Peer 1: 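Let me give you the structure first, and then I'll get to my questions.
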Number of protein chains: 2
Amino acid sequence: MSPGHIETPVRPPAPCPPDCDGFARELLSRVGDKWSLLIIGHLSNGPLRFSELRRKIEISQRMLTLTLRSLEKDGLITRTQFPTIPPRVDYELTPLGRTLLEPVMGLVLWANRHSGEVEHARARFARTGTQD
Amino acid sequence: MSPGHIETPVRPPAPCPPDCDGFARELLSRVGDKWSLLIIGHLSNGPLRFSELRRKIEISQRMLTLTLRSLEKDGLITRTQFPTIPPRVDYELTPLGRTLLEPVMGLVLWANRHSGEVEHARARFARTGTQD
DNA sequence: CAGCATCCCCGTTGATACTG
DNA sequence: CAGTATCAACGGGGATGCTG
């Protein structure tokens, strides 16, 4: 209000608050859902067929199909169909999907690194109802 | 098969497949759920009270309470109650919670950086039913 | 083998009302 | 202000059966 004052920017460092609202949360939900991350992870070593994914992951065909479709739709994996009998379909990470691998791995590493602390916090919370 | 051949390792770099199964997926679900990430993000600038969070995020008291509880249970935030009238409760990221901020931001940045590509892929998929 | 269609369960979320 | 309690709606996800 006072003249000579520069209106201080309302949000100083603010790395996340506004950024988390839109597409970012949708993405987090995507990799955070029950199956996408598992599939992405298993495809990180190279293409796999439908039945191979099915064997490696404990998942129903239904959910495997649905999840593969939405990953394909988002341009994270490709679907390659071979006109053989019996039919064969390969799924593979796209370049875009591979760029996603790195930040995802960051979270996976965090999880592996800190799982003990979280479990410890849970146990303490169960006992005391708080953690400090 | 042929002698003199070194059996190529079945899983060369294998960053994820085994690691994604257990706690990592649980964590991804946690930050990937509808509210946790939003709350964590808004707390990244410092502590906030219940009502402040409620105002900043479009969320019901119920879900705010539930989500705060489970974040507290996991040792990611602390709950500080002031014995005043009217009552006041502050929520703040723990050191553990703050370490989570970095990998999470990696994903948020990815999302902001590539949202265009994903939307483009979706549009193309809607038109052609595939993306190459 | 790959995948769509149907039915159904149940966990998550939201709306509303009430308490310390 | 900061919750808790209760109820109803929604949607993810499993089981099963059928097709190209």
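Computed from a predicted model, the values in this text were never measured in an experiment. Computed over heavy atoms, backbone and side chain alike; hydrogens, waters and symmetry mates excluded. We name chains A, B, ... by the order of the sequence lines, and we start the count at 1 in each one.
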Peer 1: Does the distance from a Lys or Arg side-chain N to an Asp or Glu carboxylate O, for R122(A) and E26(B), drop under 4.0 Å?
Peer 2: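 Here R122(A) pairs with E26(B) in a salt bridge, since their nearest N and O are under 4.0 Å apart.
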Peer 1: Please report the distance, rounded to the nearest Å, between CG in L64(A) and P in dT16(D).
Peer 2: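 Nearest whole value for this atom pair: 18 Å.
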Peer 1: Taking atom P of dT4(D) as reference, at what distance in whole Å does atom CG of L68(B) sit?
Peer 2: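 Distance, rounded to whole Å: 11 Å.
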Peer 1: What's the CD-P distance between E72(B) and dA2(D), to the nearest Å?
Peer 2: 15 Å
Peer 1: Of the nucleotides dG14(D), dT4(D), dA2(D), which has the atom closest to the T65(B) side chain?
Peer 2: dT4(D)
Peer 1: Once you round it to whole Å, what is the distance between C1' of dG11(C) and CG of L66(B)?
Peer 2: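 Value for this atom pair: 13 Å.
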Peer 1: Around E102(A), counting heavy atoms of other residues, nucleotides and ligands shown, do more than 12 lie under 6.0 Å from its CD?
Peer 2: no
Peer 1: Can you check the M63(B) CE to dT4(D) P distance for me, whole Å?
Peer 2: 13 Å
Peer 1: What is the separation between atom NZ on K34(A) and atom P on dG11(D), rounded to the nearest whole Å?
Peer 2: 18 Å
Peer 1: To the nearest Å, give me how far apart CZ (R62(A)) and C1' (dC8(C)) are.
Peer 2: 11 Å
Peer 1: Of all the nucleotides listed (dT4(D), dG14(D), dC4(C)), which has the minimum atom distance to the side chain of W35(A)?
Peer 2: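 Output: dG14(D).
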Peer 1: Heavy-atom nearest nucleotide on DNA chain C for V89(A) versus Q61(B): which residue maps closer to 5'?
Peer 2: V89(A)
Peer 1: Does H120(B) form a side chain to side chain donor-acceptor pair (under 3.5 Å) with E117(B)? I'd like the steps, not just the answer.
Peer 2: CA-CA 5 Å; H120(B) 187 244; E117(B) 293 166 72; over 6 Å; no
Peer 1: Heavy atoms from C-beta onward define the side chain here; which of dG14(D), dT4(D), dA2(C) lies closest to that of R69(B)?
Peer 2: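 Given the options dG14(D), dT4(D), dA2(C), the side chain of R69(B) is closest to dT4(D).
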Peer 1: Please round to the nearest 0.5 Å and tell me the distance separating atom OG of S29(A) and atom CG of D33(B).
Peer 2: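 If we round to the nearest 0.5 Å, S29(A):OG and D33(B):CG are 7.5 Å apart.
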Peer 1: Passes side chain to side chain contact (heavy atoms under 4.5 Å, CB included), L68(B) versus F50(B)? Steps please.
Peer 2: CA-CA 9 Å; L68(B) 287 171; F50(B) 187 89; 3.9 Å; yes
Peer 1: What's R88(B) touching, base or sugar-phosphate or nothing? Going by heavy atoms closer than 4.0 Å.
Peer 2: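 If one applies the 4.0 Å heavy-atom cut-off, R88(B) turns out to touch the sugar-phosphate alone, with no base involved.
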Peer 1: From the options dG14(C), dC1(D), dA2(C), select the nucleotide whose nearest atom is closest to the side chain of S51(A).
Peer 2: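 Looking only at heavy atoms from C-beta outward on S51(A), the closest nucleotide is dA2(C).
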Peer 1: Name the nucleic acid region contacted by Y91(B), choosing base, sugar-phosphate or nothing; use a 4.0 angstrom heavy-atom cut-off, strictly under.
Peer 2: sugar-phosphate
Peer 1: Roughly, in whole Å, what's the span from CG in D33(A) to P in dG13(D)?
Peer 2: 6 Å
Peer 1: Starting at the 5' end of DNA chain D, which residue's closest nucleotide do you reach first, P86(B) or I59(A)?
Peer 2: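 Its nearest nucleotide being more 5', the pick is P86(B).
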Peer 1: Remember a base hit wins even if backbone is also touched, and classify R49(A) as base, sugar-phosphate or nothing at under 4.0 Å, heavy atoms.
Peer 2: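 Sugar-phosphate, backbone atoms only, no base.
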